[in-house]
Every structure is written in structure tokens, then in C-alpha cells.
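Written below as C-alpha cells is the structure these notes are about.
As a basis for the values below, the full set of heavy atoms in this structure was taken, side chains included, without hydrogen atoms, waters or symmetry mates. Lettering of chains follows the sequences in order, A, B, ..., and the numbering in each one begins at 1.
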Amino acid sequence: MSRTDERYNVREAEAKWQAVWDERQSFRAREDDPRPKYYVLEMFPYPSGRIHMGHVRNYTLGDVVARYKRARGHAVLHPMGWDAFGLPAENAAIQNGVHPAKWTRENIAAMRSQLKSMGLSYDWSREVATCEPEYYRHEQKIFLDFLKAGLVYRKESWVNWDPVEHTVLANEQVIDGRGWRSGALVEKRLLSQWFLKITAFAEDLLKGLETLDRWPERVRLMQENWIGRSEGLRLFFDLEGRKDRLEVYTTRPDTLFGASFCAVAANHPLAEAMAKSDPGLAAFVAECNRMGTSEAALETAEKRGFATGLHALNPMVEGQRLPVYVANFVLMDYGTGAIFGCPAHDQRDLDFARKYGLPVTPVVAPPGVDPASVVIGDEAYAEDGVMINSGLLNGLPVAAAKAKAIDLMEAKGVGTRAINYRLRDWGVSRQRYWGCPIPIIHCDRCGAVPVPEQDLPVRLPEDVTFDKPGNPLDHHPTWKQVACPQCGAAARRETDTFDTFFESSWYFARFCSPAETTRGFTRNAADHWLPVDQYIGGIEHAVLHLLYSRFFTRALKTCGYLGVEEPFAGLLTQGMICHETYKDADGHWLFPDQVDRRADGAAVELGSGRPVSLGRSEKMSKSKKNVVDPAGIIDTYGADTARLFMLSDSPPERDLDWTEAGIDGAFRYLNRLWRMVGTALPDLPAPGTPTPPSLGPAADKARRQTHKTIALVGEDLERFHFNKAVARIRELTNTLSELPAGDEGGAWALREGLETVVRLIGPMMPHLGEELWSQLGHAALLVDTPWPEIDPTLLVEDSVTVAVQVNGKLRGTIELPKDAEAKMAEAAALALPAVAQQLAGKPPRKVIVVPNRIINVVA
RNA sequence: GCCCGCUUGAUGGAAUUGGUAGACAUAACGGACUUAAAAUCCGUAGCCUUCGGGCGUGCCGGUUCGAGUCCGGCAGCGGGCACCA
């Protein structure tokens, strides 16, 4: 009995079971395991140094899936690693003088031990870190294979250049047109860079989305929009007084009669050529180049243009001259970098036309609107309608007019039907130190020469300094000096490194054979484990990481590495963790643990007692200090409590509000279960005792709920409705706590119920699960115990409660035998006093009977 | 700017295909236990009410016997936009 008086020692129990799992290698994945494979993967973390709540949520979700699938009889692969290259390591080096390698490796060690304290069922023997040559040597080889397969090329591309730091800036490092650290005005620069031909797979990546039926619809839609397939027309405009022509891509060839100008991007060859002899234009181009490279910056900027003085001749409208502008909203990377503007039917064109006093001619009349009365005000009309003011296109609907316009231009020999994608090739060159070296040698005679395979890996030198601006690889005294592998002459190594998305585009495959030294992974292992059955991570990766990984998988297939096209068969995108924000009287942010909530609800600063103003709940971020450190929570409440809270209240794809009350609630449940089992233990029959012949009504009812709960929780877990699963388990717990265990039947049903609760909660609170399972008298580990079985006879109900409505409003409920006949149900419903009162003696006009569900009497 | 998502009690959320709105929890209140507190246990609870009932799922309108769920419009909040990962 002393067991009930003891408190559950969270720290001791969690350490104990972690050691047991570790010792027995409970989570080792083996290819020779005959059970059906299940590969569950969470997005691996950037080793920032400490885990944050987002990680706790992500990895808890994955662990529940992994443990559940294991219990369901799968051979589970559940690995973990480190996305270890990236900018923060270099920032730390510049700010604190720590070497990125040291900083990163120490961070990995710290985070590994934090993750281990969560009791996650990883096969740690498969751990990888992308910053180690054992990992990145293989991606250098992959790059060279892609090169051979014609999937890599080199071209000039624009970057944000910080003239003080002599570095390329990421978009997020450009703030209001200035470098974040230096404050210098950012310039755009053209650099020669490596590109991967993701556009070669544009159509395939789009088509493949249809097969991803276990992906969230919105992610597929985001990718579809990102790829941005459009059908249209490429056509040439003759330029007055010049021999060359202007090539334009349009998805609206139907609106050619409404054209009032042409515009080219600031980087368009025509613009650049003309800027040489036009200082005004040169200044405008320079200004556009300062705008930053992000699409958001371009689109939100005021539409501006510079008239070149040139005129283009509209190929559709004989003799019509259109002024040619250089405009800041035309993108060189999309289509041909040149457009024609039809202001009446495109908002950007309209804004532009209004600003520069260009004509606005409507050529599409909304359905049912008199052509004569079509007027364009401040809003362009981009919807369907009927062509007007358009010569031989008049009267046609938009779709037919598009087709006819294309036919006309093709017949005239000035245009061709074309499919265009918004998707651009992936620039993978980064002018940074802490990344995977690109295995290329530049020779004055032979050009860009691949590093021979036997010379891989090209190791990142660690003897570098960060005291000078620019790329440390560039400053290194010897590293880049090599002989050309082809001609032997003195040559230079490529000093750019890969985009870190490169590493994360194939790590899921590396986990299949992480120890393989000759290549990234073996074909056998990839064929066995891929695709990932369930991938889990943040929605912020909905487009880039996931699209790059899908592209890589196709490219790797092309090169014979693997046989699948889609890397992730199932995808779960989890929401963010939010927390209330606090500011002190001076408007400075405060950490939650600096704030005290008094009994009257007022918030004050801990210690000083000064008033604190409460802000709404926002995504946890260091800048707003609304963060809670998981390490402290795990230390105080244990991993199981943190895990349960992560699963309890919000569905995984939704944002989750971190609250002290929520974590308290989870902790209370943990202790309640512990006490319940302890209290019941002396009364329970031995494990495996056969069902007594008669149980009694309370025990029978409890059994029914136990088996119903197994069924419901199973369904909920399959669909990732973890919060509902928790609610069902708590309901069963509530029932069991009221079940009298004095008689044989009650005690038997209580054991079955408690064992069920322990087994169902196991994937969520694995340490408590093991502890209670062992206390209930089982020698085998809970992780090696299969999911509980359902007795289907206990799921059958013989009567149902049916709602009775009058005119759609609830007036009462009746108890009916299951699948009762409609006539009988109707009679029972009409016999209800509340129904009779509503009818007031008149016969009902109609009675709708939905079997086992509802009866609606229409008065 | 473009694309996407979300909005249900004081709070997080639940509600098969349209079929009893508010499961489960949190906070609150009342009670038991305690010298007291904590913990624990039991109970109450959408709002209004003349106790018949009426009103309630961001707002306005529609479809339907019946709408949180479907359709149209509007508002608020959040995410992504190619060099953060």
C-alpha cells in the first residue's frame, strides 16, 4: 500500500525507461525485419543550440505516430539528424568570434541531449549531421551526377550586395533597402552562379501533386500556384525604327485590342542597351536595381516606369503605336521580361496607365452588360465576359477570343502558342563559408571543370578567419589554389557553397543507409524504406523545401539512385506555438518568467511589482521574449507532461497557445493516472485472468466504453486527431474512476480498463506508460506490446437516442431500438407532449425520419 | 500587391455525408477534507427569460424540412512570396 503514498518521481522514472529502451535498442530499424515497413520522419532541426517549443511539438507528433505504428505491428524507421550548415553559425562567428564548426558541433551535442530527455523513439544509430564530410561528400557526388545528366548549368543572376561587408545578403537581411548589419544601401549585382534545372520537371512536379492524396490540400495548392503553369502566347512586336523585335509573353492575347503600352524589366537587354546612351534611363534602372530581389518588394512598390521614347507596333491592330516603357513591376525572370499592357483588364497595368495618362480601352464587357456602358474606373475588370472594341474578336467569350487571337498571330507568323511556368530554376550558389563546397575547379583554359570523383570530398577548410569582410573561403591563403584536373595548369576552386536547401533535399534518403561510404545511400535501402510514409513539419516549408525535395527525388531517379518519384507519401504540417506577450511600463518586452499574475488577474513585474501590459498571443519569438524554454518545463514536469500538453488541446495543424494552466492540467492527469493505478492495484485480479462469466451492469458498461475507446482512439490516431484521442482517453479514465471494484466483475473490468488506458496513452506518455505497465504486473515492455484488440461484440448498441425536432427546432429526444422502422419512429415522435403542443391539434404537413439520428416534424 | 489559411462559451477546442452545438480540458464559483494552505474529491455553469419559451458558431444575405457545416458578399487575424531554415 505504500505505493499510493509515494509521489510519481518523474525525473527518476523517465531516466530509467530511457536507459532501458537504449540498452535494449528498442528503436533500431532493420531492413531484414519481415513486418511491413513504416518510415516516419520529422523535419530535422537547425542546431541553434537549444530546442524550442516548436521542436517539442513537431517531435512529439512524430513520436506518437512512430510508437503507434510500432504497436500496430510495423517495422518503423524513425531517424533524427541535424541540418547543420547555415547562416546563424557565421553570424555567431562574426559576433562572438566562435568558429562555425565548433559552435555547430557544441550546439548539436546540447540539443541531442535535450531531445533525448524527451524520450523520443529515434534510432540514434542513424543520426547524421550535414556539416560533416561524411554527409556532404555524397551531395558533391550527387551534384556531379546531376551535372552529367544535364540538370546543372551556370548563368548570371542578380543578388543583393552589401558594399560594406562585401557579402551577398539574404532577402531577410535587407531591411528597408539597407544591409541589416552595415546599414549600407544595398546594391543589386550580377554574379555567375550554378543553377539546377528544376523547370525541366515543372510539368511532372505539377502532375505529381495529384497523386499526393495524403498531403494537405492547401500545401498542394501552394505548390501548384508556385509552379504557376499558364497557357498563352509568345509574340513579337516590331519596334519602330529598329531592326530587333520585342518578344512578349501574355496569357491574355484576347486583350490585344485594348493594349496601350509595352513595358520591359529594368534588367531587360533592351533597357540595358538604351540606358547606355540615356542617363535618365540609366538612373531609373539603377534605382530599380536597389529595390531588392523579393517579389513582395516589387509588387508592393508604387508602379513606376520610364518612357524609352521607343514605340512598338501592335501586331493585332494595324498601325497602332504603343509607347515602350521600362517599368519596375515587370520581372525579368518571368516570361520574356517584357509585357504589353491592357489597363482595362489588369490592375497593375491600370495603375500604371492612370499614372502616366495612357488610354484605357475596355475590350471585355461583363456578362449581360451593354457594351456601350462599360466604363473602367479605379478597378480593372479581369473576369470573363464578351469581347467588345476588338474588331473580328467582337462577340466572343474570353476563352474563345484567346484561342482565336493565338490562331491569328500564329497564322501571321508573329507569335506561337506557349506554355509558361512561373517556376524558375533553382540557384544553388551561395557566397558563404559555412556550407558544402561546390566541387568545381575554374581553369582559365578549360573553364569550369568538375572535381574528379576520387578527389571527393572537397573539404571545407576549418582554418579560416572572419575578421575581414567577404567570404573567408576567398581569403584563405591556399585552399582555392589547385591544379586543373584536365590540363594541370594553375586553377582556382569554386569558393561558393551550396544553398542549405541542398542538404535537406535528400537527407530522408541518407537515413536509409547512413553508414554507407561509397555513395549517399544504397539502392536496396532506398527501395526498402522510401517513400517516407509520414512526414511531419512546419507549414513554413510548404513550398520550397518540399518542392526541392520532390525535384531531387526525380533527379535522383533520373541518375539511377532510387526508384520513387515522390519522397513523402503523407504530410502533416503543424501549427506554430504562441504565447501571450508582455511589456513593462517603459514599453520593453518581458519574458513570461519575469511576470507575475496576481490573484485579481493583474499582471506585475516580478520583484519590482511594476505594472505589466498584456499583449495578445503571438508566435513565440526571441525578439518579443514570449518564449518558454522546454528544458525548464521538462525539468519541472517531465517529458510526458510536456508531450501530453502538446497533444491535448489543439489539433496539430492549428496554432497552439502555450499556457501555464494547460501544462498544469496535463501534469494533474499524469498524477491522477498514477494514483488511480496505485489505488486499484491491491484489488485487481492477476494479469491474464479470464473474463468472469457475469460482470454486472456497471462493469459491463465500463467494458463497452473501454472497447469503444480503443476503436475511437485508433481512428483518431490514424487521422492525427490527437486532441480527440486524449479527450476519449480522459473520458474513459473518468468512467473507470467511478467503477466500483469491490466485486469480481468490477475488479476485472477495472484491470481491463486501466490496462487499456495505459496502452492507449503509451505513445503519448511513454515513460508513465512503461512504469504503470510494469506495475500492473507485465514483464514485457510496453513498447514491445501490441495495440489492444477490440471485442466487436461490445461495440454493438441495441438502442439509440433520437432527436425530435419540430420545424428544425429540438423539442425532445426519444429512445428507440436500433434501426427501428420509420413508421414506429414517427409515431413515437408524434406522441411526445412537446411535439403535440407545437402541433396544436393540427396534423403535421410532413415528417422526415433519418434512421437512428433525427426526426423532424414539419408543422 | 499576389496566393493560402483561420474565426464556435471567460479560454483551448468537440460536433461522420448538412441531422441533439458546446464532448474533453482550462479558468471560475459552491461544497467536502485540513488548525490553515496546497493537493485531492464532489457539485454548478452558453446568454436572456414573464419559466411557456426565446436567442446563440465573426458580420450581412441565400439554398434546405433542417446550416457551425453548402453558396454569394463583407470584416478581422495569421502564413508564404524564391539567399532565414
Side-chain angles (χ1 to χ4, degrees), chain A residues 7 43-46 48 83 85-88 91 159-160 168-174 216-219 221-222 224-226 228 293-301 303 329 333 347-348 351 422-432 499-501 504 538-545 547-548 575-576 578 601 616 618-619 648-651 653-657 659-662 664-666 668-669 671-672 675 715 721 723-724 726-731 733-734 737 801-813 837 844-848 850 852-859:
Chain A
R7 274 184 66 91
M43 291 180 184
F44 65 164
Y46 179 79
S48 57
D83 191 11
F85 277 136
L87 266 183
N91 292 335
V159 294
N160 299 311
V168 175
L169 297 177
N171 282 335
E172 72 152 13
Q173 296 174 320
V174 181
E217 183 57 38
R218 63 169 168 152
V219 174
L221 204 74
M222 280 164 90
E224 188 181 320
N225 291 333
W226 189 261
T293 55
S294 85
E295 190 179 314
L298 296 177
E299 293 266 349
T300 47
K303 310 290 172 276
F329 64 93
D333 291 315
Q347 193 60 47
R348 283 174 308 185
D351 294 345
R422 204 183 76 101
L423 181 69
R424 309 199 297 252
D425 278 333
W426 175 14
V428 294
S429 300
R430 295 292 181 271
Q431 297 68 39
R432 312 210 179 282
D499 178 4
T500 56
F501 274 123
S504 55
I539 184 71
E540 63 273 22
H541 292 292
V543 178
L544 291 184
H545 162 59
L547 193 63
Y548 290 153
M576 298 174 306
C578 301
R616 61 188 184 81
E618 292 185 63
K619 175 184 178 174
S648 293
D649 282 345
S650 298
E653 28 334 288
R654 211 111 44 111
D655 288 352
L656 180 143
D657 256 308
T659 60
E660 192 71 23
D664 282 342
R668 264 203 297 276
Y669 180 72
N671 285 302
R672 185 177 171 210
R675 272 195 313 272
E715 280 169 35
H721 294 173
N723 55 326
K724 287 169 65 184
V726 171
R728 300 289 155 251
I729 296 170
R730 294 183 95 132
E731 275 178 325
T733 311
N734 290 344
S737 71
T801 309
V802 174
V804 180
Q805 299 180 332
V806 177
N807 292 335
K809 280 187 182 158
L810 186 72
R811 296 296 166 185
T813 58
Q837 189 193 327
R845 286 201 294 164
K846 199 162 144 194
V847 179
I848 288 144
V850 182
N852 301 327
R853 211 162 274 254
I854 204 165
I855 298 158
N856 190 12
V857 178
V858 185

Do A/Asn225 and B/C3 share a donor-acceptor pair, side chain to base, under 3.5 Å?
no
Base paired to B/U26 (Watson-Crick or G-U; both N/O distances under 3.5 angstrom)
B/A10
Measuring only the C1' atom in each nucleotide, how far is B/U69 from B/A15? A whole number of Å is fine.
10 Å
Distance check needed: B/A85 P versus A/Met43 CE, whole Å only.
15 Å
Under 4.0 Å between any heavy atoms, over every strand shown, what does A/Thr813 touch: base, sugar-phosphate, or nothing? Just pick one.
base
Side-chain N or O of A/Arg218 closer than 4.0 Å to phosphate OP1/OP2 of B/G5
no
Watson-Crick/G-U partner (both atom distances under 3.5 Å) of B/U40:
B/A32
Please report, rounded to the nearest Å, how far the C1' atom of B/A38 is from the CG atom of A/Asn671.
14 Å
Please give the distance between the P atoms of B/C60 and B/U26 as a whole number of Å.
34 Å
Out of B/A14, B/A82, B/U20, minimum distance to the side chain of A/Leu544 belongs to B/A82
CZ of A/Arg845 to CG of A/Asn807: how many Å apart, nearest 0.5 Å?
7.5 Å
B/C29 and B/A39: how far apart are their P atoms, nearest whole angstrom?
13 Å
Is any side-chain N or O of A/Lys303 closer than 4.0 Å to OP1 or OP2 of B/G1?
no
Looking at B/C4, B/A27, B/A21, which one has an atom nearest to any side-chain atom of A/Arg668?
B/A27
Roughly, in whole Å, what's the span from NE2 in A/His721 to C1' in B/C24?
15 Å
Expressed as a whole number of Å, how far does the P atom of B/A10 sit from that of B/U57?
13 Å
Would you mind pulling out the nucleotide paired to B/G56, Watson-Crick or G-U wobble, both distances under 3.5 Å?
none
5'-most by nearest nucleotide on RNA chain B - A/Val850 or A/Val726
A/Val850
Can you check whether A/Met576's main-chain N or O pairs, donor with acceptor, with A/Asp655's side chain at less than 3.5 Å?
yes
Atom-pair distance (CZ on A/Phe85; P on B/A85), nearest Å:
12 Å
From CZ of A/Phe329 across to C1' of B/C2 the rounded distance in Å is 14 Å
note: A/Lys724, atom NZ; B/G12, atom C1'; distance rounded to Å ~ 16 Å
How close or far is atom P of B/C6 from atom CG of A/Leu221, stated in whole angstroms?
12 Å
The residue, A/Val802 or A/Gln431, whose nearest nucleotide of RNA chain B is more 5′ is A/Val802
If only side-chain N and O atoms of A/Thr659 are considered, is one of them under 4.0 Å from the OP1 or OP2 phosphate oxygen of B/U26?
no
Counting only side-chain nitrogens and oxygens, does A/Arg672 get under 4.0 Å of the OP1 or OP2 atom of B/A39?
no
Inter-nucleotide P distance (B/U11, B/G80), Å rounded
27 Å
Taking the P atom of each, how far is B/A23 from B/G13, in whole Å?
15 Å
Expressed in whole Å, how much space separates the C1' atoms belonging to B/A14 and B/C65?
26 Å
If we call it a pair only when both distances are under 3.5 Å in a Watson-Crick or G-U wobble match, what pairs with B/C51?
none
Rounded to the nearest 0.5 Å, how far does OG1 of A/Thr733 lie from OH of A/Tyr669?
3.0 Å
C1' atom, B/C81 versus B/U63: distance in rounded Å?
37 Å
Base paired to B/G5 (Watson-Crick or G-U; both N/O distances under 3.5 angstrom)
B/C77
Any side-chain N or O of A/Arg654 below 4.0 angstrom from OP1/OP2 of B/U7?
yes
Between B/A82, B/G19, B/A23, which nucleotide gets closest to the side-chain atoms of A/Arg422?
B/A82
If you only use heavy atoms from C-beta on, which nucleotide in B/G53, B/A85, B/A25 is closest to the side chain of A/Asn734?
B/A25
A/Arg811 side chain N/O closer than 4.0 Å to the phosphate oxygens (OP1, OP2) of B/U20?
no
Pair of N/O donor and acceptor under 3.5 Å linking B/C83 base with A/Arg432 side chain:
yes
May I have the distance from A/Asp655 (atom CG) to B/C6 (atom C1'), rounded to whole angstrom?
9 Å
